[in-house]
Amino acid sequence: MPLFIATYTHPDYEGWKTYLHPHLEWIAAQVKCGTLYASGPTLTGETRSAALLFNSPDQSTLEATITTDPYVEHGQVAELTITQWDPIFGMLNAESTQSGKSTEQVVRETLTAFGSSPQRGD
């Protein structure tokens with residue numbers, strides 16, 4: 001199933017605090033049902049923000065799910081981005097379009113597909 005990275009921005013600190021508890025309950029429910037793989041604050045800038053890694057059949061289904069987040073329902077998300085992600089390298093390879101392939105195999109196939117060759121000593 002495709003993976004998506006969603007980012008939230010929360011500039012209203014008081015509103016963020018007000019809806020934190022229902023939001024965390026929503027997060028826990030999404031983890032329990034397998035829709036949410038990981039979530040947490042991003043540690044950049046002055047404005048509160050978060051990144052969430054979702055597992056969803058498609059973006060429209062994910063968008064419908066996100067609308068049920070109390071932060072979204074109560075206007076506490078000023079900016080929302082959703083990006084489909086293909087984790088071909090690393091521990092989530094099994095969730096990717098290159099599932100089961102080694103890093104070396106993916107590198108070799110990618111270089112071949114783009115008509116490139118490995119550079120030694122770089």
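Computed over heavy atoms, backbone and side chain alike; hydrogens, waters and symmetry mates excluded. FYI, the numbering just counts along the sequence from 1. Remember, predicted model here, so these are calculated numbers, not experimental data.
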Q: How about S49 and T47: do any of their side-chain heavy atoms sit closer than 4.5 Å?
A: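 Sidechains of T47 and S49: no contact.
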Q: Under the side-chain hydrogen bond (donor to acceptor under 3.5 Å, both in side chains) test against D69, which residue among Y19, W26, Y8 passes?
A: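 Of the listed options, the one satisfying the test is Y8.
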Q: Between S96 and Q98, is there a donor-acceptor pair closer than 3.5 Å when you use the side chain of the first and the backbone of the second?
A: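 Yes.
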Q: Would Y71 and L24 show up in the same hydrophobic cluster when neighbours are defined by side-chain heavy atoms closer than 4.5 Å?
A: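 Linked within one cluster.
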Q: Looking at H74, is its backbone amide N or carbonyl O close enough to the side chain of Q76 to form a donor-acceptor pair, meaning the two atoms are under 3.5 Å apart?
A: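 Yes, the answer is positive, given that a donor and an acceptor are paired below the 3.5 Å cut-off.
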Q: How far apart are the closest heavy atoms of D58 and S60, and which atoms are they?
A: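 So the two residues come closest at OD1-OG, 2.9 Å.
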Q: Short question: side chain of N93, backbone of G100 - any donor-acceptor pair under 3.5 Å?
A: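 Such a contact is found between N93 side chain and G100 backbone.
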Q: Would you name the heavy atoms of A94 and S99 that are closest together and state the gap between them?
A: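 Closest heavy-atom pair between A94 and S99: O-OG, 3.3 Å.
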Q: Flag yes if V107 and F114 sit in one hydrophobic cluster, no otherwise; membership is Ile, Leu, Val, Met, Phe, Trp, Tyr, and two members link when side-chain heavy atoms are under 4.5 Å apart.
A: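 No; F114 is not reachable from V107 via cluster members.
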Q: Taking CD in Q84 as the centre, count heavy atoms belonging to other residues, nucleotides or ligands within less than 6.0 Å. Is the count above 12?
A: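 Enclosed.
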Q: Closest approach of S56 and L62, non-hydrogen atoms and distance?
A: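 Looking at all heavy atoms of both residues, the shortest contact is OG-N, 3.3 Å.
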Q: Looking at CZ of F4 and CD1 of I66, how far apart are the two atoms once the value is rounded to the nearest 0.5 Å?
A: 9.5 Å
Q: Hey, what do you get for OG1 (T65) to CD (Q59), rounding to the nearest 0.5 Å?
A: 11.5 Å
Q: For the hydrophobic clusters of this structure (ILVMFWY residues joined by side-chain heavy atoms under 4.5 Å, transitively), does one cluster hold both I27 and V72?
A: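 In one cluster: yes.
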Q: When rounded to the nearest 0.5 angstrom, what is the spacing between NZ in K101 and OG1 in T110?
A: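 Here the rounded value is 8.0 Å.
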Q: Give the C-alpha distance, both sets of side-chain angles, the deciding distance and a yes or no for side-chain contact (heavy atoms from CB on, under 4.5 Å) between L52 and F54.
A: CA-CA 6 Å; L52 303 91; F54 288 98; 3.5 Å; yes
Q: Please determine whether side-chain contact (heavy atoms from CB on, under 4.5 Å) holds for the pair T35 and C33, giving the CA-CA distance in whole Å, both sets of side-chain angles, and the decisive distance to 0.1 Å.
A: CA-CA 6 Å; T35 303; C33 75; 3.1 Å; yes
Q: Is there a path from M1 to I82 through hydrophobic residues (I, L, V, M, F, W, Y) whose side chains come within less than 4.5 Å of each other?
A: no
Q: Looking only at heavy atoms, what is the nearest atom pair of T18 and P22, with distance?
A: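 Closest pair (atom of T18, atom of P22, distance): O-CD, 4.4 Å.
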Q: F89, L3: one ILVMFWY side-chain cluster at the under-4.5 Å cut-off?
A: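 No.
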Q: Take L92 and L53, measure what side-chain contact (heavy atoms from CB on, under 4.5 Å) needs, and give me the verdict at the end.
A: CA-CA 11 Å; L92 295 177; L53 179 58; 3.8 Å; yes
